[in-house]
Amino acid sequence: MIKVKDRVLKGMVYISLGVTIFLFALIFIYLIIKSIPAINNIGLGGLINLKEKWYPIGATPTFNLLPAICGTLYTSFLATIFAFIFGLSAALMLNFYLPEKFANIIFSFLDMLAGVPSVVFGFIGLSTLVPFLLKHFNLSTGQCILAASIVLGVMLLPFIISTCSESIKLVRDRYEGMSKNAGISKEYFIIHIVFTSIKRSILAGLVMALGRAIGETMAVMMVIGNSAIFPKLLGRGQTIPGITALEMGSIGINEIHLSALYVANLILLIILLILILVSQLLKGNDRI
Amino acid sequence: MKRKILAAVLSASMVLTMLVGCGKGSDTSNTSDKATNTRAENQILFSGSSTIAPIMQGMASSYFEKYKTWNKVDSKLPDKNIQIYVSSGGSGQGTAALIDGTTDFGMVARDVKPEEKKKIKDEKEYQIGIDALTIAVNPKNPIVNKMKNFTKQQIVDLFSGKYAKWSDLDASLPNKDVVVITRDLNGGAHEVFQQKIMGDAQVTSKCIQASTMSELVSDIINNEYAIGYASYGVANQNKGKVVPISVDGVSATEANITSGKYPIQRPLLLVVSGKLSDEESAFMKYVQGAEGQKTVSSLGFIPMGEADCCS
């Protein structure tokens, strides 16, 4: 009796897994098929080069994706660095220096922060951060890569803090008793034991965070300016999800332009796959 | 034991929902079926321009509040709830959805292109209003007191980046970057601007592309040295916070726009394929009647005036 139930359960789990993998494969293949017209018509040289612009309208449209790819990577890297600096410090503070009750309250607030819709972050960025940068940095516009990175960094914070906390908790469970017995100070424990043992898992967490940052659309689109130029820290830029959301709706059917957007997202998906792979490799080698 | 049963039930329901989801997917691929279905269910679907969507949304909800069921509109119509759905995603999506048969009305805030006309069977257009784009600047920009008018060439030079600084336009203006703000470059609004003003000139790639009209206007409000094309409606809602500038001596007033003198304007169209159903023509009567047109003007667009429709 039990055996039959087990089998049914097992079968269902396998079916679910199969459907999930099938869906992913379907998305990937669909992106490739939809990309083919652009690759055939424009060529990879036209899609990625240093000279042309992304200018999809007019008599001679050009479809250079490189500025947007650079913009996406630039903002995401910077945001991950911001989030890492503040996130790791916050995780240490919460785990080692605050009373547990108080820390738990803050953890639940962080969970709430993770659930705030991204458009809210974008709107707050647009109405506070953008005018602030405009006023105090003597810029021509407040919309810039820096603004986007800060907004994105705040959005990544809950994620980074929870990954860091998880690893820290593992190390504490294992070594804190011993180190207390040995009379080691808290700071020595953090620097010499916690840091060395969580290095890899934190790095894996960062790569995952980077993956999240790359796909973020709405909040970034609202504060980055969406100019199809190569990104500079205090200048405007554009991201791949941004272009897609901005332009997808107004394209007619069967246009090369639409296909070029599919190429952009295929590239995005490939970058994401590489990041996930790297993250898994890093995680696999961790020793706590 | 109980837990296992629970888990089994849960995963079974998961698999089932997936299957149901897939089933629906294959349904929609048969578009002609769906089109007749929506007619049978007395629903009307609108899809397309994000400029027109709020107008139709407003009309749809006041229409529902007034009548609730179709037979109260006209006793010949069935005793069914009025269901009008509006989804926005751009003018291009409007015509694409109409060609695919996934919508009853395409909302298009520009002229319908000849190649689109060819693909839509029995294409018919109903104009519900006019929108104009005003060239708007921030009231703190000293240009407000200097120039009340741009020539077309000056606008082209400002938007193309030829005048990178305001002082390039007039030496007495501050030596600050001209911040060009546009809507997304392949959207309906920009298409009109490109066609009516820019011609073959390209907009500078440094321009900020706003994803909505209200974002564009708030960008101008927040930036002293910004210039952009604000929709007539949205600019009117923000009177005093943005300053409209005349084009070739013609200011963007209602009279100038209706007479066609003001150049940067676009029609607000509802496009259909084939004949209207009874429900659809009843609703169109309302849209083009006094109450519907009041909604158009209350949102800041220019109404067409009452017209005989759907005969």
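Everything quoted here is computed from the prediction, not taken from an experiment. Reminder, nothing fancy here: chain letters follow the sequence lines and each chain counts from 1.
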Please assess Gln143(A) against Asp219(B) for the test side chain to side chain contact (heavy atoms under 4.5 Å, CB included), listing each intermediate value before the final yes or no. CA-CA 9 Å; Gln143(A) 281 101 333; Asp219(B) 280 348; 3.0 Å; yes
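No side-chain heavy atom of Asn222(B) sits less than 4.5 Å from a side-chain heavy atom of Val130(A). Within the 4.5 Å cutoff, the side chain of Asp184(B) has no heavy atoms near those of the Asn226(A) side chain. Ser211(B) places a side-chain heavy atom less than 4.5 Å from the side chain of Met221(A). For the pair Glu215(B)/Leu126(A), a side-chain contact is recorded, criterion being any heavy-atom separation below 4.5 Å from C-beta on.
Scanning residues 190-201 of chain B against chain A with a 4.5 Å non-hydrogen threshold yields His190(B), Gln194(B), Ala201(B), sorted by number. Using a 4.5 Å cut-off between non-hydrogen atoms, the part of residues 230-244 of chain A that approaches chain B consists of Arg236(A), Gln238(A). The interface of residues 157-166 of chain B with chain A, defined by heavy-atom distances below 4.5 Å, is empty.
For Glu247(A), the parts lying near chain B are the backbone and the side chain together; criterion is any non-hydrogen pair under 4.5 Å. Neither the backbone nor the side chain of Glu115(B) has a heavy atom closer than 4.5 Å to any heavy atom of chain A. Contact of Lys176(B) with chain A is made through the side chain alone, with heavy-atom distances under 4.5 Å. Looking at Ala210(B), the atoms closer than 4.5 Å to chain A (heavy atoms on both sides) all sit in the backbone: N, CA, C or O. Both the backbone and the side chain of Leu246(A) come within contact range of chain B, with heavy atoms under 4.5 Å apart.
When all heavy atoms of Ser227(A) and Ser205(B) are compared, the pair lying nearest together is CB-O, 3.4 Å. The minimum heavy-atom distance between Tyr55(A) and Leu185(B), with the atom names listed, is CE1-CD1, 4.0 Å.
Annotation: ring pair (Phe, Tyr, Trp, His ring centres under 6.0 Å) contacts of Phe105(B) (sequence neighbours excluded): Phe46(B).
Judged by distance alone, the side chain of Ser140(A) and the main-chain N or O of Asp177(B) form no donor-acceptor pair under 3.5 Å. Side-chain atoms of Asn186(B) never come within 3.5 Å of backbone atoms of Pro56(A) as a donor-acceptor pair (strictly under, hydrogens ignored).
The neighbour count for Lys53(A) NZ, taken as heavy atoms of other residues, nucleotides or ligands under 6.0 Å away, is above 12.
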